[in-house]
Novice: 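If you scroll down you'll find the structure; I have some questions about it.
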Amino acid sequence: MRAILSGELPIGSPFPSVRAIAADLQVHPNTAMKVTQRLIAEGWLVSRPGIGTLVATPPEARQSDRARLLDLDVEKLAVEALRVGLTLEELVAAIRERWAELKGGQA
């Protein structure tokens, strides 16, 4: 999901084969197949006969999905902020500033 949301796998692009996923992640092909089938069932992927599996328009993320996707990144950010001695207020200010930059000046 992260690769789709980040744009690494754009909408309409081919999704890697089950064999490629299994090899890349070093998991059994059956595991890769189950994950792919779940992503299809949840609307992240679409299977087209004769074409393959493609990235679909992402469904609206549920709150639990958003929290789960960010959890590890938030932890890394917090650990790094503590390591360099930032206060929580400084960290929040830095996030707000970057947010505004990314949204074109709109906080």
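What you see below is based on every heavy atom in this structure, not just the backbone, and it leaves out hydrogens, waters and symmetry mates. Fair warning: this is a prediction, and the values are worked out from it, not measured in the lab.
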Novice: Check which hydrophobic residues are tied to L54 through side-chain heavy-atom contacts below 4.5 Å, counting indirect links as well, and list them.
Specialist: V46, I51
Novice: Mind checking the CD-CG spacing from E75 to D73? Nearest 0.5 Å is all I need.
Specialist: 10.0 Å
Novice: Can you tell me how far the OG1 atom of T53 sits from the CD atom of Q37, to the nearest 0.5 Å?
Specialist: 9.5 Å
Novice: Restricting to non-hydrogen atoms, name the atom on G43 and the atom on A56 that form the minimum distance, rounded to 0.1 Å.
Specialist: O-CB, 3.5 Å
Novice: Over all heavy atoms of both residues, which pair between A32 and A22 is shortest? Give the atoms and the distance, please.
Specialist: CB-N, 4.0 Å
Novice: Might you point out which heavy atoms bring P10 and S13 nearest each other, and give the distance in Å?
Specialist: O-OG, 2.7 Å
Novice: V27 and L45: same hydrophobic cluster, using ILVMFWY side-chain contacts below 4.5 Å?
Specialist: yes
Novice: Considering non-hydrogen atoms only, spot the tightest contact between P58 and I11 and give its length.
Specialist: CD-CD1, 3.8 Å
Novice: State the CZ-CG distance between R96 and L91, to the nearest 0.5 angstrom.
Specialist: 11.0 Å
Novice: Nearest 0.5 angstrom please: L39 CG to K34 NZ, how far?
Specialist: 14.5 Å
Novice: Can you spot which of V84, L82, L88 makes a side-chain contact (heavy atoms from CB on, under 4.5 Å) with L86?
Specialist: V84
Novice: Is the closest side-chain heavy-atom distance between T36 and I21 below 4.5 Å?
Specialist: yes
Novice: Kindly state each residue pair satisfying salt bridge (charged side-chain N to carboxylate O under 4.0 Å, His left out) with at least one member in residues 82-94, sequence neighbours excluded.
Specialist: E80-R83
Novice: Evaluate the criterion side chain to side chain contact (heavy atoms under 4.5 Å, CB included) for residue pair L25 and V35; output intermediate values, then yes/no.
Specialist: CA-CA 12 Å; L25 299 178; V35 169; over 6 Å; no
